[in-house]
2 protein chains.
Amino acid sequence: MQAYTGTNVSRLPAAAAIVSGGTAAMPRRFDIVTTKLGGAPRNLTKGEELFAEGDAADFFYKVVSGTVRTYKLLSDGRRQIDEFHLSGDIFGLETSHDHRFSAEAVDDATIVAFRRRRFETLAHDDPALGDQVMSSMLCSLERAHDHMMLLGRKTAREKIATFLLNMARRISNDDRFDLPMQRSDIADHLGLTIETVSRTLTQLARDGLIKLAATSRTVVLCDKAALRRLNA
Amino acid sequence: MQAYTGTNVSRLPAAAAIVSGGTAAMPRRFDIVTTKLGGAPRNLTKGEELFAEGDAADFFYKVVSGTVRTYKLLSDGRRQIDEFHLSGDIFGLETSHDHRFSAEAVDDATIVAFRRRRFETLAHDDPALGDQVMSSMLCSLERAHDHMMLLGRKTAREKIATFLLNMARRISNDDRFDLPMQRSDIADHLGLTIETVSRTLTQLARDGLIKLAATSRTVVLCDKAALRRLNA
DNA sequence: CGCAGAGTTGATTATACTCAAATCCAGTGG
DNA sequence: CCACTGGATTTGAGTATAATCAACTCTGCG
């Protein structure tokens with residue numbers, strides 16, 4: 001927990017191991033920690049379910065590549081996607097015994113699973129490990145709160161603008177990027193319908209704020225200033 | 001962090017002190033811990049601001065009595081109330097140096113402030129203390145996620161039903177309770193307008209699911225089963 | 001080439017918003 | 001005790017934003 005302990009996450013070996021996933025390029029001890037936590041890479045095919053709401057939360061996960069969506073369903077099938085987890089993101093760590101979300105691969109993705117019990121044991125010996133996860137959760141909380149503002153008070157145009165700016169920042173440093181998810185995912189994330197998502201994107205393109213490639217998954221942000229004005 | 005460490009919060013002395021606020025009825029050591037954390041009771045009058053978005057987050061708080069709202073504003077004044085904090089709730093603990101919310105008293109309220117820095121020091125010696133706050137944050141995260149579903153995918157009628165059931169549970173064990181906040185607060189919490197809140201409450205009363213007293217702050221849940229059906 | 005899934009576009013509608021006015025209520029002062 | 005005031009709430013009328021229903025287009029792929 002970066003701010004709470006005053007420690008810098010980047011200086012914490014255990015934390016760094018979780019964040020990076022313990023690649024071959026890293027010092028030996030980082031790999032040991034990762035291995036201890038039981039990081040076993042797993043490939044998911046597009047649409048594959050990783051866990052469902054109510055499943056035992058024995059593991060939590062880190063995205064190595066690809067994208068994972070976590071979501072909740074209402075009894076009649078309405079869906080709210082709370083977050084898209086991109087490469088490097090940690091997700092699925094729960095307060096309770098069960099998962100409160102379902103998780104599926106948005107596209108073909110690779111994830112690493114960490115055994116929660118083992119992590120808990122280690123965290124007691126190494127507070128820095130707990131700090132790191134705490135930090136991750138606090139980021140999640142922060143994004144959740146911003147997203148509440150979006151869902152509760154922003155217009156469709158503002159929602160799309162905010163979404164595009166966030167994805168641009170997370171996916172690439174460039175203003176050109178490929179959205180990994182389809183329109184229905186965006187809709188269920190922003191509290192809209194696919195038609196409204198499509199229309200709004202078209203409208204933003206018509207107004208010159210963005211460009212949509214033929215495949216329509218590729219987006220170019222042309223007028224970030226205007227998008228930012230819509231963002232708040 | 002209850003689930004994460006596997007420890008039961010109720011068995012943790014430091015945690016218990018934070019939760020309870022260290023009343024006179026509690027064993028001496030609890031009071032000592034609370035005092036160490038710098039709990040200085042403070043009275044807030046209706047509408048008084050406790051802190052604003054962007055203020056330094058040197059303290060966090062626990063509600064002793066009354067109700068506090070935390071919220072964010074868009075540049076044009078649109079407001080999203082993320083949570084109403086009732087007696088016993090902890091709020092205002094941040095990941096960053098600054099508060100990401102503003103906080104105001106909904107009615108006359110009493111709160112206890114805890115110095116964050118001091119808490120951090122103690123948390124390092126006593127992991128249980130950190131666990132407790134972690135647990136508090138995870139509850140907050142859980143509620144935030146449920147609230148995203150509400151904001152993104154529920155109808156006005158469903159939002160109000162969910163809100164009433166939640167408030168009933170939190171305020172009293174009874175089906176009759178007084179709402180501490182006014183319609184505009186409810187509206188900004190549920191992503192509605194005051195008119196829609198009012199109309200929806202009237203409609204629910206007309207349909208016999210609830211009763212509204214003359215003062216219209218007092219609510220009676222008549223048909224909880226029907227309300228629950230609207231809830232999910 | 002045709003099919004299926006994804007995405008776009010169009011027409012219409014519904015839900016919730018906006019603007020406006022009336023009512024209710026607590027508090028205040030004559 | 002009662003009229004007056006101002007804030008909160010309710011109610012009404014009309015509207016707008018986004019949803020719904022439906023058709024059509026595009027793209028990738030067997």
Side-chain angles (χ1 to χ4, degrees), chain A residues 45-47 67 69 74 76-80 106-108 150-164 178-207 210-219 230, chain B residues 45-47 67 69 74 76-80 106-108 150-164 178-207 210-219 230:
Chain A
T45 60
K46 181 174 174 172
T67 305
R69 61 179 171 245
L74 290 178
D76 65 355
R78 276 174 288 175
R79 182 176 67 157
Q80 178 65 42
V106 168
D107 47 16
D108 290 345
L150 177 144
L151 291 170
R153 286 292 175 229
K154 289 189 179 179
T155 64
R157 197 178 169 89
E158 291 168 341
K159 287 177 177 181
I160 296 286
T162 301
F163 175 72
L164 291 177
D178 289 315
L179 292 170
M181 74 293 287
Q182 57 188 49
R183 299 291 186 258
S184 61
D185 290 320
I186 300 175
D188 286 347
H189 183 50
L190 302 181
L192 299 170
T193 58
I194 52 173
E195 294 94 332
T196 298
V197 169
S198 178
R199 269 186 257 273
T200 306
L201 284 169
T202 303
Q203 196 57 54
L204 287 174
R206 214 168 270 157
D207 296 346
I210 64 172
K211 274 201 191 70
L212 293 171
T215 164
S216 84
R217 288 287 182 93
T218 304
V219 180
L230 284 173
Chain B
T45 60
K46 182 175 173 171
T67 305
R69 60 178 171 244
L74 290 179
D76 65 355
R78 277 174 287 174
R79 183 177 66 156
Q80 177 66 42
V106 168
D107 47 16
D108 290 345
L150 177 146
L151 291 170
R153 286 292 175 227
K154 289 189 180 179
T155 65
R157 197 177 168 89
E158 292 167 338
K159 287 177 178 181
I160 296 286
T162 301
F163 175 72
L164 291 177
D178 289 314
L179 291 170
M181 74 294 288
Q182 56 189 48
R183 299 291 186 259
S184 62
D185 290 321
I186 300 175
D188 286 348
H189 182 52
L190 302 181
L192 299 170
T193 59
I194 51 172
E195 294 94 334
T196 298
V197 170
S198 178
R199 270 186 256 272
T200 306
L201 284 169
T202 302
Q203 198 56 54
L204 286 175
R206 213 168 270 157
D207 297 346
I210 63 171
K211 274 202 190 69
L212 292 171
T215 164
S216 87
R217 288 287 182 93
T218 304
V219 180
L230 283 172

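Residue numbers begin at 1 in each chain, while the letters A, B, ... track the order of the sequences.
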Distance alone, cut at 3.5 Å: any donor-acceptor contact between the side chains of Asp108(B) and Thr45(B)? no

With sugar-phosphate meaning primed atoms plus P, OP1 and OP2, does Leu192(B) contact a base, only sugar-phosphate, or nothing at under 4.0 Å between heavy atoms? sugar-phosphate

Pairwise side-chain contact, Met181(B) with Arg69(B), heavy-atom cut-off 4.5 Å (strictly under): no

Which of residues 152-163 of chain A have a heavy atom under 4.0 Å from DNA chain D? Thr155(A), Ala156(A)

Check ion pair Asp107(A)-Arg217(A) (N to O, under 4.0 angstrom): no

Which nucleotide, dT9(C), dT9(D), dA6(C), lies nearest any side-chain atom of Ser198(A)? dT9(C)

In this structure, how many angstroms lie between the C1' atom of dT20(D) and the CZ atom of Arg78(A), rounded? 14 Å

Is the shortest side-chain N/O distance from Arg217(B) to OP1 or OP2 of dT9(D) below 4.0 Å? yes

Separation of atom CG in Asp178(A) from atom C1' in dA6(C), rounded to whole Å: 16 Å

Rounded to whole Å, CG of Leu204(B) lies from C1' of dT10(D) at a distance of 15 Å

If each of Leu212(B) and Thr196(A) is mapped to the nucleotide of DNA chain D with the nearest heavy atom, which maps nearer the 5' terminus, i.e. the 5' end? Leu212(B)

Atom-to-atom span, CE of Met181(B) to C1' of dT9(D) - whole angstrom: 16 Å

Return the nearest nucleotide to the side chain of Ser216(B); candidates are dA18(D), dT10(D), dA8(D). dT10(D)

Phosphate contact (dT9(C) OP1 or OP2) by Thr202(A) side-chain N/O below 4.0 Å: yes

Dump the intermediate steps for side-chain contact (heavy atoms from CB on, under 4.5 Å) on Lys159(B) and Thr200(B), then the final yes or no. CA-CA 10 Å; Lys159(B) 287 177 178 181; Thr200(B) 306; over 6 Å; no

Within this structure, what is the CG-to-P distance between Leu179(A) and dA6(C), rounded to whole angstrom? 15 Å

Taking CD1 from Ile194(B) and C1' from dA8(D), how many angstroms apart are they, rounded to a whole number? 8 Å

Under 4.0 Å, heavy atoms only, any strand: does Thr193(A) hit a base, just the sugar-phosphate, or nothing? base

Is any side-chain heavy atom of Arg78(B) less than 4.5 Å from a side-chain heavy atom of Thr155(A)? yes

Asp185(B) CG to dA8(D) C1', straight-line distance once rounded to whole Å: 12 Å

Do the side chains of Leu204(A) and Leu230(A) get nearer than 4.5 Å, heavy atoms only? yes

Taking side-chain contact (heavy atoms from CB on, under 4.5 Å) as the criterion, tell me which of Leu150(A), Leu179(A), Val197(A), Leu201(A) meets it with Phe163(A). Leu179(A)

Going 5' to 3' along nucleotides 21-30 of chain D, which nucleotides have protein heavy atoms under 4.0 Å from the base (write B), which only from the sugar-phosphate (write S), and which from neither (write -)? BB----S---

Gln203(A) atom CD is separated from dA16(D) atom P, nearest whole Å, by 17 Å

Donor-acceptor pair, side chain of Arg153(A) and main chain of Leu192(B), under 3.5 angstrom: yes

Could you tell me whether a side-chain N or O of Arg79(A) sits under 3.5 Å from a main-chain N or O of Leu74(A), the two making a donor and an acceptor? no

Can you tell which of dA8(D), dT10(D), dA19(D) lies closest to the side chain of Arg183(B)? dT10(D)

Contact between Leu212(A) and Thr218(A) at the side-chain level, heavy atoms closer than 4.5 Å - yes or no? no

